[in-house]
**Student:** 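Got a structure for you, written out below as structure tokens; questions coming shortly.
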Amino acid sequence: MGGGGRATTVIENAYIAPVVGDEIASGYVVISDGRIEALGAGPAPIVPGAEKIDGTGCLVTPGLVNTHHHLYQWASQGLFQDSTLFEWLTGLYRTWARMDADVVYGAAAAGLGWLALTGCTTSSDHHYIFPKGRGDLFEAEVRAASEIGLRFHPCRGSMDRGQKDGGLPPDEVVESRDEILTHTAEVIDKYHDPSFDSMLRVAVAPCSPFSVSEGLMIDSATMARAKGVRLHTHLAETLDEEEHCIEQMGCTPVEYMEKLGWLGEDVWFAHAVHLHDADIRRFAETGSGSAHCPSSNARLGAGIARVSDLVAAGAPVGLGVDGAASSELTSMAGEMRQAMLFQRAVNGPTAFTARQALEIGTLGGARNLGRHHEIGSIEPGKLADLAIWRVDGFRSAIEDPVCSLVFGPTPPLSRLLVGGRTVVENDELRTVAQDVVGRAGVAARKRLMRQEA
């Protein structure tokens, strides 16, 4: 399932922002066999037979890495617009329980296509509802990712704690622990590819403390570590969640995770909005990561995560767009801007820089997914996952291209490369027909809304 060999490509005359190392005002990147072979200040070397990409007026960055999503939610955007997280979830659980493999495929194709168009080369997905008798939902999103051409980290999510056991979801949308563990093992064995240039890796992702039993959390961690895959869950997203944990578990969400053995370098948490000082220290000490989802957290009124404090402490932090039902049409590049502005709104204009925002959107996300040796920065030997942004024209009034990318609206995408392969060119998908993908997302919504429960 690796990315495979590619012809040699030379990007020249571009501003290079490698994230690691010095920026290059007029530089080149040489790509060979899907990997970065060299970069430096121009003029570019002459490579016989190479494809040349003229980067004049462009900024080259690592491809963006999305570390939290719910792709199926593309089919339920715009609902419960003024609700809290718990109100929004209880309003949508039964709608989502009507999804089938066709809904998931269409929603995933549209969601991943949109991510690519906004600079993303690697995306995770957290799918945690598996209605019985509605087809192979996991396979549907894997197929969509393969067609779009992004690196994909699907997380087999789960819920086994319904309302009768004190959980939030209705009992009819949860599964038994045995069903969950059996299917999770099956998808890891079938799909997970640990190779360096892997296009597909699986993670284990019980949904949240308010929808999963203690036993499933422990068993999931045991399975993931036995099979060498990563762990993911929602955590500390709202104050309601903290109150729920204190009332039912007798401790805060992070204390609960530590009790269950869920802190470590193989774990990343979605949201992590409401962290105490001690939580931040423990994240840093254990290497536990977090996926910051600023637009979704704002849409649901959940709060603003302490990202600048986490980064200062040395804890891994990446970005996530979250599901489209709580973050409608959110641009992956736009989340860098949101992250930077929210930290400044709370902590002042020096709290978070454009380059820090770029780093959590790239290398920070790669750390969350355990792929920082492969992607997330522009370095020789790493995979050629690159975004080439147009920062000329009106944007030329900003002399700093990284400022133009992060401070302003998302620039046009001249090219998006995954393993050296073109996925987007001139703001148009090249791996699939863009209009077909857009229609698939609309069809998924229509199908979900008319499905019989």
Side-chain angles (χ1 to χ4, degrees), residues 69-81 83-108 111 125-141 154-187 204-220 223 232-235 237-238 240-241 243-245 247-249 270 300 322-326 444-453:
H69 208 337
H70 306 291
L71 287 165
Y72 70 86
Q73 291 182 14
W74 188 273
S76 58
Q77 297 185 70
L79 304 176
F80 297 93
Q81 296 177 21
S83 298
T84 66
L85 173 67
F86 278 17
E87 292 167 346
W88 177 85
L89 284 170
T90 54
L92 284 166
Y93 278 134
R94 288 187 172 91
T95 298
W96 294 334
R98 300 198 299 263
M99 78 176 97
D100 61 12
D102 288 340
V103 168
V104 173
Y105 171 78
D125 186 58
H126 189 183
H127 192 106
Y128 56 84
I129 296 179
F130 289 85
K132 292 180 178 63
R134 296 190 179 268
D136 192 338
L137 277 59
F138 203 88
E139 183 277 337
E141 64 171 4
C155 306
R156 205 300 183 179
S158 56
M159 300 191 296
D160 73 335
R161 186 167 174 255
Q163 290 174 348
K164 69 178 176 59
D165 297 317
L168 189 69
D171 294 324
E172 61 265 34
V173 305
V174 303
E175 302 170 273
S176 73
R177 193 192 311 182
D178 287 346
E179 287 173 328
I180 291 163
L181 294 172
T182 297
H183 187 245
T184 301
E186 288 173 354
V187 297
V204 179
C207 186
S208 65
F210 51 82
S211 61
V212 175
S213 68
E214 180 176 315
L216 180 57
M217 293 295 293
I218 293 170
D219 289 348
S220 295
M223 174 187 289
H232 183 52
T233 192
H234 295 93
L235 192 72
E237 186 173 357
T238 66
D240 288 343
E241 180 186 326
E243 292 168 4
H244 178 93
C245 283
E247 178 183 330
Q248 298 206 15
M249 289 80 169
L300 294 169
D322 205 7
S326 66
R445 180 187 177 91
K446 290 179 178 178
R447 183 175 178 85
L448 179 65
M449 293 306 168
R450 69 170 179 260
Q451 285 277 58
E452 294 295 330

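Here the structure is a predicted model, which means the values were calculated and not measured.
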**Student:** Carefully, step by step, assess Leu448 and Ser76 under the rule side-chain contact (heavy atoms from CB on, under 4.5 Å).
**Tutor:** CA-CA 8 Å; Leu448 179 65; Ser76 58; 4.3 Å; yes
**Student:** Counting distance only, does the side-chain N/O of Glu243 pair as donor-acceptor with the main-chain N or O of Asp240 below 3.5 Å?
**Tutor:** no
**Student:** Could you check whether any side-chain N or O of Thr182 sits under 3.5 Å from a backbone N or O of Asp178, counting only pairs where one atom can act as donor and the other as acceptor?
**Tutor:** yes
**Student:** What's the spacing between Ile180 CD1 and Ser220 OG if we round to 0.5 Å?
**Tutor:** 7.5 Å
**Student:** For the rings on His127 and His69, is their centre-to-centre separation under 6.0 Å?
**Tutor:** no
**Student:** Phe130 ring centre to Arg156 NZ or CZ under 6.0 Å, with the angle to the axis within 45°?
**Tutor:** yes
**Student:** Going by atom types alone, do Tyr128 and Tyr72 pair a side-chain donor with an acceptor below 3.5 Å?
**Tutor:** yes
**Student:** Salt bridge (Lys or Arg N to Asp or Glu O under 4.0 Å) for Arg161 and Glu214? Distances and angles first, verdict last.
**Tutor:** CA-CA 9 Å; Arg161 186 167 174 255; Glu214 180 176 315; over 6 Å; no
**Student:** State, with a plain yes or no, whether a side-chain heavy atom of His244 is found less than 4.5 Å away from one of Pro209.
**Tutor:** no
**Student:** Shortest non-hydrogen contact from Ala140 to Ala101?
**Tutor:** CB-O, 3.5 Å
**Student:** Indicate the atoms forming the closest heavy-atom contact of Cys155 with Ala205, along with that distance.
**Tutor:** CB-CB, 3.5 Å
**Student:** Could you pull out the closest heavy-atom pair between Ile129 and Leu137, with the gap in Å?
**Tutor:** O-CD2, 3.7 Å
**Student:** Could you tell me whether the side chain of Asp322 and the main chain of His70 form a donor-acceptor pair under 3.5 Å?
**Tutor:** no
**Student:** May I ask you to say whether Asp100 pairs ionically with Arg447, meaning some side-chain N is under 4.0 Å from a carboxylate O?
**Tutor:** yes
**Student:** Looking at Gly78, is its backbone amide N or carbonyl O close enough to the side chain of Gln81 to form a donor-acceptor pair, meaning the two atoms are under 3.5 Å apart?
**Tutor:** yes
**Student:** For a 4.5 angstrom cut-off between non-hydrogen side-chain atoms, does Leu71 reach Val104?
**Tutor:** no
**Student:** If you apply the rule salt bridge (Lys or Arg N to Asp or Glu O under 4.0 Å), what do you find for Lys132 with Glu179, and how did you get there?
**Tutor:** CA-CA 11 Å; Lys132 292 180 178 63; Glu179 287 173 328; 3.5 Å; yes
**Student:** Within the 4.5 Å heavy-atom criterion, are Val103 and Arg445 side-chain neighbours or not?
**Tutor:** no
**Student:** For residues Leu79 and Leu92, determine if any side-chain heavy atom of one lies less than 4.5 Å from a side-chain heavy atom of the other.
**Tutor:** yes
**Student:** Do Phe210 and His234 have their ring centres less than 6.0 Å from each other?
**Tutor:** no
**Student:** Find out whether Val204 and Pro206 are in side-chain contact, i.e. whether some heavy atom of one side chain is under 4.5 Å from a heavy atom of the other.
**Tutor:** yes
**Student:** Is there a side-chain contact (heavy atoms from CB on, under 4.5 Å) between Leu89 and Leu168? Walk through the geometry before answering.
**Tutor:** CA-CA 8 Å; Leu89 284 170; Leu168 189 69; 3.8 Å; yes
**Student:** Indicate the atoms forming the closest heavy-atom contact of Cys207 with Met159, along with that distance.
**Tutor:** CB-CG, 3.7 Å
**Student:** Does the side chain of Pro131 reach to within under 4.5 Å of the side chain of Met99, using non-hydrogen atoms?
**Tutor:** yes
**Student:** Between Trp96 and Trp88, is the ring centre distance below 6.0 Å?
**Tutor:** yes
**Student:** Step by step, work out the side-chain contact (heavy atoms from CB on, under 4.5 Å) result for Leu216 and Leu181.
**Tutor:** CA-CA 8 Å; Leu216 180 57; Leu181 294 172; 4.0 Å; yes
**Student:** Is the shortest heavy-atom distance from the side chain of Glu237 to the side chain of Leu300 under 4.5 Å?
**Tutor:** yes
**Student:** From Arg98 CZ over to Met449 CE, what is the distance, rounded to the nearest 0.5 angstrom?
**Tutor:** 7.0 Å
**Student:** Evaluate side-chain contact (heavy atoms from CB on, under 4.5 Å) for Asp160 paired with Glu175, printing each intermediate quantity in order.
**Tutor:** CA-CA 5 Å; Asp160 73 335; Glu175 302 170 273; 5.8 Å; no
**Student:** State, with a plain yes or no, whether a side-chain heavy atom of Asp219 is found less than 4.5 Å away from one of Arg177.
**Tutor:** yes
**Student:** I'd like to know whether the aromatic ring centres of His232 and His126 sit less than 6.0 Å apart in this structure.
**Tutor:** yes
